[in-house]
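Sequence lines set the chain letters: A, B, ... in the order given, protein chains first and strands last, and positions in each chain run from 1. For clarity, every value in this text was computed on a predicted model and none was experimentally measured.
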Amino acid sequence: MKTTIEALLRQALAALPEDRVPPAARAIAIEVEHTRDPAHGDFASSLALRLAKAARQNPRALATALVEAIPAHPAIAKVEIAGAGFVNFFVHDGAYRAEIARILAAGSRYGRSAVGEGKRIQVEFVSANPTGPLHVGHGRHAAYGATLANLFEATGWRVDREYYVNDAGRQMDILAASTWLRYLEVCGERIVFPANGYRGDYIVTIAGALRASIGDALRRPAAAVFRDLPPDTIDGGDKDAYVDALIDRSRELLGAESFRQVLDFTLADILGDIKDDLGEFRVAFDRWFSERSLAEDGSIDRALAALERAGHAYRKDGALWLRSTAFGDEKDRVMVRDNGVKTYFASDIAYIFNKLERGYDHLLYVWGADHHGYIARLRAGLTALGGPPERFEVRLVQFVTLYRGGEKAQMSTRSGEFVTLRELRREVGNDAARFFYVMRSNDQHLDFDLELAKSRTNENPVYYIQYAHARVASLMRQLGERGLGHDEARGLANLDRLGEPQELALTKRLALYPEVLELAAVQRAPHTLVHYLRDLANDFHTNYSAHQVLVDDPALRDARIALARASQTVVRNGLELLGVGAPQTM
RNA sequence: GCGCCCGUAGCUCAGCUGGAUAGAGCACCUGGCUUCGAACCAGGUGGUCGGCGGUUCGAAUCCGUCCGGGCGCGCCA
């Protein structure tokens with residue numbers, strides 16, 4: 001509808017004589033918008049106002065000329081000039097009612113479009129370090145990324161969802177050493193846990209599983225482990241130096257192979273937990289990409305070599321640097337340290353190089369707000385590799401604060417413990433969790449109220465929307481119980497019986513859905529869909545309360561059932577994209 | 001100090017890339033179940049859109065500046 005009117009306006013503008021609008025002024029974006037006030041019709045254009053200056057004309061006179069030039073269209077009831085020079089379009093109610101038939105015909109596909117033109121987009125999200133369970137912040141990333149990906153799919157993109165597994169580097173060594181120390185503890189050794197180790201209870205659990213799996217094969221005397229190590233923090237030393245020494249000692253006592261065995265055992269356990277967690281949260285990935293694989297298959301070396309060949313890398317102080325300042329970064333970045341160890345940044349460059357090679361038209365990263373400083377350097381890396389920077393996009397997700405009632409919830413009770421995504425899901429349920437996570441703009445810090453999310457009252461917007469769906473299901477059950485059939489064709493043939501203002505308001509809202517999906521995808525703003533569904537449910541409940549559906553008159557009844565079922569379809573489709581269930585009963 | 005995000009009703013937030021009298025939920029007040037589910041509906045109270053300048057026919061929206069809050073500015077990952 002909107003695009004139709006825009007096309008009509010474009011034709012009208014083209015038809016105006018040059019003394020009215022000079023050619024230079026014609027290159028102007030033609031857009032119509034939905035009106036806020038019904039007195040202004042359904043759509044309004046400010047074209048005449050915006051054209052007035054360049055054309056040196058009175059805006060109202062210009063608007064009059066435009067209106068006269070607008071071709072007749074069956075869906076348009078009338079066109080008016082209002083205010084300073086707005087052109088208001090009134091659409092026939094019938095044009096909206098016709099949408100009901102389209103909704104019922106399209107069913108679960110209703111609202112989908114092809115604006116993405118089948119282009120390939122990769123959405124990389126969550127990518128939390130596999131050093132422990134996901135916490136509530138990761139939950140927001142998961143819900144946001146998954147919903148975005150769904151929106152892209154619904155608007156005609158080919159989407160790949162990917163999780164980058166940071167399974168390389170020192171943090172993995174610390175993880176392995178942590179598990180091994182806990183394992184020794186389980187075996188009966190007396191150990192002192194390092195300040196910089198992973199202290200969570202899940203490590204103890206994994207250590208227990210390791211012992212159950214291999215027995216005492218990796219047991220070594222504690223005295224040998226801790227002999228002649230530098231002081232830890234508690235003894236006035238440096239926690240990093242201490243844990244590094246501890247890692248070296250672990251490798252020495254276990255041998256590289258067994259150390260790797262502990263590492264892999266731990267990693268597999270944690271990653272398995274993360275996969276299960278996300279799976280239960282209805283967040284699916286097409287690929288789990290291993291950072292370690294980039295080092296093992298030579299990808300990092302190839303990327304670094306490519307940068308050196310292109311003259312964008314240089315050596316200084318024994319390190320290899322990327323001249324990222326040449327590509328908009330504020331300072332140059334180290335890719336290989338003076339000790340020969342490649343930085344995380346080097347992996348990231350190799351990874352984005354890999355993504356480019358896979359032929360994506362667009363790369364979308366979802367990162368935490370604390371990573372914003374990283375955007376410029378990665379874009380610089382991409383550009384240095386010859387990649388098109390406009391294909392690179394990062395969306396930041398702000399932090400989550402948990403509340404219980406009005407009180408801020410404890411994020412950590414003791415060291416290494418925090419509120420996990422799993423705990424949150426258990427408490428409030430997957431539906432409420434998915435919904436609350438995307439209810440607010442990703443740019444907005446999120447106050448997540450646990451009490452509100454799990455409350456089964458009118459305060460909770462999740463149930464408000466689901467209730468609309470369940471009500472239609474109930475209606476259809478009633479229909480059966482009363483022995484009243486339902487003739488869809490008769491309903492569609494009598495849509496003009498839907499003349500009540502509440503019915504029209506609901507119908508117009510339904511017709512808006514495809515546009516909402518497009519907007520939400522383009523703006524990377526799932527919360528737009530949430531707000532729409534809330535408004536739709538509101539229109540539904542209002543109409544439901546105002547007008548009986550199951551009336552005696554079969555023609556009217558079937559028409560109203562058609563409207564109710566169309567509403568149910570759109571609610572269900574929208575909730576599906578959000579990863580929220582659409583229940584038949586509540 | 002520099003960079004990113006935020007500042008809109010008592011609270012939590014929308015505001016469609018500048019449009020016509022600034023919206024919603026919650027809270028508060030008034031009403032509505034002998035009729036398809038009251039997890040609902042109808043109505044009401046409540047705002048100098050952080051301050052000050054600027055651009056524009058028109059600014060919550062764009063620009064500048066100041067104030068306040070969050071997060072970053074490693075040869076860490």
*Do you see a donor-acceptor pair shorter than 3.5 Å between the side chains of A/His445 and A/Arg440?*
no

Please answer whether [N] and [X] are stacked, defined here as ring centres separated by less than 5.5 Å and planes angled under 30°.
X: A/His40; N: B/A20; value: yes
X: A/Tyr467; N: B/G37; value: no
X: A/Tyr544; N: B/C41; value: no

Between [X] and [N], is there a side-chain N or O to OP1/OP2 distance below 4.0 Å?
X: A/His371; N: B/C73; result: no
X: A/Thr542; N: B/A42; result: yes
X: A/Arg477; N: B/G37; result: no
X: A/Arg337; N: B/A77; result: yes
X: A/Ser545; N: B/C41; result: no

*Considering the options A/Thr131, A/Asn166, A/Asn129, which one meets the side-chain hydrogen bond (donor to acceptor under 3.5 Å, both in side chains) requirement together with A/Gln171?*
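So, applying the side-chain hydrogen bond (donor to acceptor under 3.5 Å, both in side chains) to A/Gln171 and each of A/Thr131, A/Asn166, A/Asn129, only A/Asn129 qualifies.
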
Are there any protein N/O atoms within less than 3.5 Å of an N/O atom in nucleotides 5-11 of chain B, and if so, which ones and at what distance?
from: B/C5; atom 1: O2'; to: A/Gln398; atom 2: NE2; distance (Å): 3.4
from: B/C5; atom 1: O2'; to: A/Asp443; atom 2: O; distance (Å): 2.6

*No-H, no-angle donor-acceptor pair, A/Asp173 side chain to B/A77 base, under 3.5 Å*: no

_Let's see if you can work this out: which of B/A20, B/G3, B/G37 has an atom nearest to the side-chain heavy atoms of A/His372?_
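The answer is B/G3.
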
*Which one, B/A39, B/G72, B/C36, comes nearest to the side chain of A/Met586?*
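It is B/A39.
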
_Does the protein touch nucleotides 22-30 of chain B at the base, only the backbone, or not at all? Give it as B, S and - per nucleotide, heavy atoms under 4.0 Å._
-SSSSS---

Check this for me: does any side-chain nitrogen of one of [X] and [Y] sit under 4.0 Å from a carboxylate oxygen of the other?
X: A/Lys342; Y: A/Asp301; value: yes
X: A/Asp552; Y: A/Arg557; value: no
X: A/Lys2; Y: A/Glu31; value: no

